[in-house]
Asker: 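The structure follows.
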Amino acid sequence: MVVEGAVAERLLDDFRLLLGAGVELVGVDRERLADPVGEGGLGAHGTVDDPGRQKGLRPTGGVGAVGTRPVRPETDPYRGAFAERSRTPRMEFAAFAERAERLAAEPADIETTRLVADLLAAAGGRGKSDDLATVTRFLLGRVFPAHDTRTLDVGPALCREAIARAAGPNVGAADVEERLAEAGEIGAVAAGFDFGGQRGLAAFGEGRDRLTVAAVDAALRELAADAGDGSESRKRDALFGLFNRCEPAEAKLLARLVLGEMRLGVGEGTVRDAIAEAFLAEASADDGKEGNDGDDPTLRARDEAAAAVERALQVTNDYGRVAVLARDEGLAGLRAEGLAVGRPVQAMLAQAGTATDAVEAFGEVAVETKFDGARVQVHYVPESAAEGGEGLGPRVYSRNMDDVTDALPEVVEYVEARVSVPVILDGEVVAVDDDGDPLPFQEVLRRFRRKHDVDRMREEVGLRLHAFDCLHADGEDLLDEPLRARHDLLVDVLPDAAASVEFADDPEAIEVAEAAALDAGHEGVMLKNPDAAYTPGDRGRDWLKRKPDVETLDAVVVGAEWGEGRRAELFGTFLLGVGAGDDEFATIGKVATGLTDEALADLTERLKPHVVSEDGTEIEIRPEAVLEVGYEEIQTSPTYSSGYALRFPRFVGVRDDKSVGDADSLERVARLAGDGAE
DNA sequence: GCTGATGCGTC
DNA sequence: GTCGGAC
DNA sequence: GTCCGACGACGCATCAGC
């Protein structure tokens with residue numbers, strides 16, 4: 001184990017604190033001591049959550065801060081919760097790993113939810129420990145909640161190196177890579193080495209050096225906070241130290257955790273339901289007396305509990321926090337987590353659908369332009385509208401709730417100039433040229449998360465906000481209002497600038513609108529239910545997105561990569577080329593989706609004999625097979641030799657009727673890229 | 001100071 | 001983002 | 001319907017290494 005100076009210092013502090021506080025050493029559960037001493041005290045204190053250590057702003061709201069009161073980005077509602085961390089037994093990382101194994105092995109949804117609920121209950125029995133938030137996030141492969149700017153900055157490469165080091169002097173990064181190719185999954189690779197488990201630091205506390213969930217969490221938070229010169233090797237050291245203390249099952253979980261790929265078959269939906277099941281069961285039971293199958297009160301209560309958890313997640317986007325809230329404050333506490341200006345909400349999402357689908361489902365359809373940009377949410381409390389307090393300058397959040405305000409001064413100015421009441425707006429930021437015409441999505445990317453030279457780039461690529469929804473206006477929360485009403489209010493708060501909507505009740509009219517949108521250079525149209533509420537985070541049927549049917553290209557397979565996970569035994573990706581004369585092929589991208597298991601197996605078998613060379617993950621394949629590949633758009637590419645790449649490539653079929661010479665040519669691709677018409 | 005590798009987040 | 005598979 | 005995982009391209013930020 002490597003203990004950095006700061007950690008060591010804190011360890012000592014921690015110990016002094018314990019003694020200084022007059023904690024009785026006699027008769028104290030030995031586990032209470034084993035934690036701060038044996039494992040280095042990494043997780044035994046609240047300092048890791050010190051807001052001062054954060055890289056960026058963490059704009060949040062106080063509990064129940066509904067209405068127009070701005071929430072200062074500087075406040076941190078987590079502080080209180082973590083300040084009271086108890087020094088009580090912690091869940092061992094091995095125990096978590098063991099339960100994770102069982103989860104991964106469980107195929108049935110309902111049983112999975114129960115297992116997760118059990119795990120949450122074990123991690124956070126009320127008043128016993130505070131592993132609940134951590135375990136909840138870990139289950140989803142996260143150390144930090146989604147709405148938190150911190151990142152580990154540890155990816156596959158660094159992880160492999162750390163594993164190699166922990167595996168011993170005879171193991172190099174290349175060996176790890178080889179095993180990865182074999183196993184198809186980093187967790188299995190990590191579990192395959194003997195890292196020494198708990199033997200390493202047996203000197204401490206009679207061999208009690210087992211990793212705890214809290215220790216892993218704290219170590220990863222330390223690691224995330226590191227930056228600057230030498231940080232990469234320090235991160236590698238830290239990770240190495242952790243692996244060194246891992247039994248195989250723990251190593252597997254740790255590797256997956258740092259890469260955010262838990263592969264437990266447990267996602268957000270499962271955790272959401274499990275939180276309700278674990279901590280709101282009493283609420284359900286209270287309501288549920290007798291059962292009549294039509295409207296079973298037990299079921300209704302369960303739905304209510306799940307709904308309360310869901311709503312709290314929509315506004316906080318922090319699974320750990322919501323789990324704690326559900327446990328400690330129940331339904332009432334969850335329901336108190338309302339909308340707050342200054343705290344981003346999950347964005348409402350759309351499914352694919354056609355004009356006919358929309359008309360059939362909604363009758364009258366709200367038709368909007370689908371812009372090819374980046375989704376943003378704008379929160380603003382004008383100085384003049386702040387009740388007594390200060391206003392909140394416009395804050396702009398990405399779909400993932402990252403604060404992107406600084407990169408988008410146009411949006412800030414635009415909103416400041418027009419809006420005079422507190423608002424939460426939903427919209428899309430698009431890149432535009434000097435005439436205001438839309439530019440390709442790639443141009444948006446050049447601006448979106450930029451930190452440097454924002455003003456200079458502004459001259460080159462302009463941005464424009466198209467606001468299309470309003471979640472809060474002048475003290476009123478609008479989530480439950482129908483789209484129609486929300487749009488009316490949007491027009492009220494942004495008089496000359498709200499994105500336009502037109503209403504249509506037949507598919508032909510919608511198609512006309514779609515053609516007009518495409519003609520103007522946009523991506524397609526959104527078809528929305530005018531009577532639907534705004535359901536954050538939901539990809540339901542109330543919003544449909546309609547884009548032109550995919551175009552296809554016949555391309556030659558010139559390479560492949562081995563798959564991971566369920567595709568470990570197969571090629572998972574195919575490198576594509578188009579004819580560039582003289583039996584040469586210029587690469588134009590890779591395709592990996594759209595293949596059924598069967599098609600993938602067939603292609604793998606068929607192409608294996610044509611493998612020319614294998615270099616790490618890269619496999620070169622003799623041009624032999626032609627694939628029909630669908631795509632959304634042809635982009636210019638700095639990566640591929642053709643100079644072009646396909647956006648959203650997907651496998652459509654094998655063109656057995658075509659030889660490689662009949663595949664599409666670079667010439668044709670260039671023509672298609674030119675103006676979309678041949 | 002520059003370049004390439006790596007990681008992250010947008011679609 | 002897209003898509004297939006499992007439930 | 002919903003959830004989950006196995007994957008695509010791009011551009012910016014950051015760090016290592018020259």
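Hydrogens, waters and symmetry mates play no part in the numbers below; they use all other heavy atoms, side chains included. Treat the numbers as computed from the prediction; the structure is a model and nothing was measured.
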Asker: Check this for me: does any side-chain nitrogen of one of Arg671(A) and Asp664(A) sit under 4.0 Å from a carboxylate oxygen of the other?
Answerer: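 Judged by the 4.0 Å cut-off on N to carboxylate O distance, Arg671(A) and Asp664(A) do not form a salt bridge.
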Asker: Is Lys545(A) touching bases, backbone alone, or none of the nucleic acid, heavy atoms closer than 4.0 Å?
Answerer: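 Here Lys545(A) touches the backbone only, sparing every base.
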Asker: So Trp562(A) and Phe571(A), would you call those rings parallel, tilted or perpendicular, with 30° and 60° as cut-offs?
Answerer: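 Answer is tilted, since the angle falls between 30° and 60°.
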Asker: How close or far is atom C1' of dC3(C) from atom CG of Leu603(A), stated in whole angstroms?
Answerer: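 One finds 16 Å between C1' of dC3(C) and CG of Leu603(A), rounded.
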Asker: Would you kindly give the CG-to-P distance between Leu349(A) and dT2(C), to the nearest whole Å?
Answerer: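 It works out to 11 Å between those atoms.
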Asker: Output the rounded distance in Å from CZ (Arg150(A)) to C1' (dC8(B)).
Answerer: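 About 16 Å, once rounded to whole Å.
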Asker: Tell me whether Arg464(A) is salt-bridged to Glu410(A), with the criterion being a basic N under 4.0 Å from an acidic carboxylate O.
Answerer: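 Looking at Arg464(A) and Glu410(A), the cut-off is not met.
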Asker: Could you give the CD-to-P distance, from Glu161(A) to dG17(D), as a whole number of Å?
Answerer: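 Answer to the nearest Å: 9 Å.
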Asker: From the list dT10(B), dA16(D), dC3(C), which nucleotide is the closest neighbour of the side chain of Arg650(A)?
Answerer: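 So the side chain of Arg650(A) is nearest to dC3(C).
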Asker: For dC7(D) and dC11(B), measure between their C1' atoms and round to the nearest Å.
Answerer: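 The same atom, C1', in both gives a distance of 14 Å.
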Asker: Between Glu111(A) and Arg102(A), is there a salt bridge with N-O shorter than 4.0 Å?
Answerer: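 A salt bridge is absent here (no side-chain N lies under 4.0 Å from a carboxylate O).
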Asker: Round to the nearest Å and state the distance from Glu632(A) atom CD to dC3(C) atom P.
Answerer: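 Roughly 9 Å, once rounded to whole Å.
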Asker: Can you find a side chain N or O atom of Lys547(A) that sits less than 4.0 Å from OP1 or OP2 on dT2(C)?
Answerer: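 Yes, such a contact exists.
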Asker: Below 4.0 angstrom, N of the basic side chain to O of the carboxylate: do Glu459(A) and Arg456(A) qualify?
Answerer: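 Judged by the 4.0 Å cut-off on N to carboxylate O distance, Glu459(A) and Arg456(A) do not form a salt bridge.
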Asker: How long is the line joining CD of Glu261(A) and P of dG7(B), in whole Å?
Answerer: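 Result: 11 Å.
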Asker: Looking for any heavy atom pair under 4.0 Å, which part of the strands does Gly228(A) touch: base, sugar-phosphate only, or nothing?
Answerer: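 Gly228(A): backbone/sugar contact only, no base atoms under 4.0 Å.
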Asker: How is Ile110(A) classified with respect to the nucleic acid when contacts are heavy atoms under 4.0 Å: base, sugar-phosphate, or nothing?
Answerer: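 No contact.
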Asker: Round to a whole Å and report the spacing from CG of Leu544(A) to P of dG1(D).
Answerer: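 One finds 11 Å between P of dG1(D) and CG of Leu544(A), rounded.
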Asker: What string of B, S and - do you get for nucleotides 2-12 of chain D 5' to 3' if you count protein non-hydrogen atoms under 4.0 Å?
Answerer: SSSSSSBSBBS
Asker: Quick one: is the NZ or CZ of Arg165(A) closer than 6.0 Å to the six-membered ring centre of Phe240(A), and within 45° of its axis?
Answerer: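 Flagged: Arg165(A) positioned over aromatic ring of Phe240(A).
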Asker: Within the structure shown, what part of the strands sits under 4.0 Å from Val444(A) by heavy-atom distance: base, sugar-phosphate, or nothing?
Answerer: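 Nothing: the residue Val444(A), judged by heavy atoms under 4.0 Å, touches no strand.
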Asker: Closest heavy-atom contact between Arg343(A) and His379(A)?
Answerer: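 Looking at all heavy atoms of both residues, the shortest contact is O-CE1, 3.1 Å.
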Asker: Can you tell me how far C1' of dC7(C) sits from CG of Asp273(A), to the nearest Å?
Answerer: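 That distance rounds to 14 Å.
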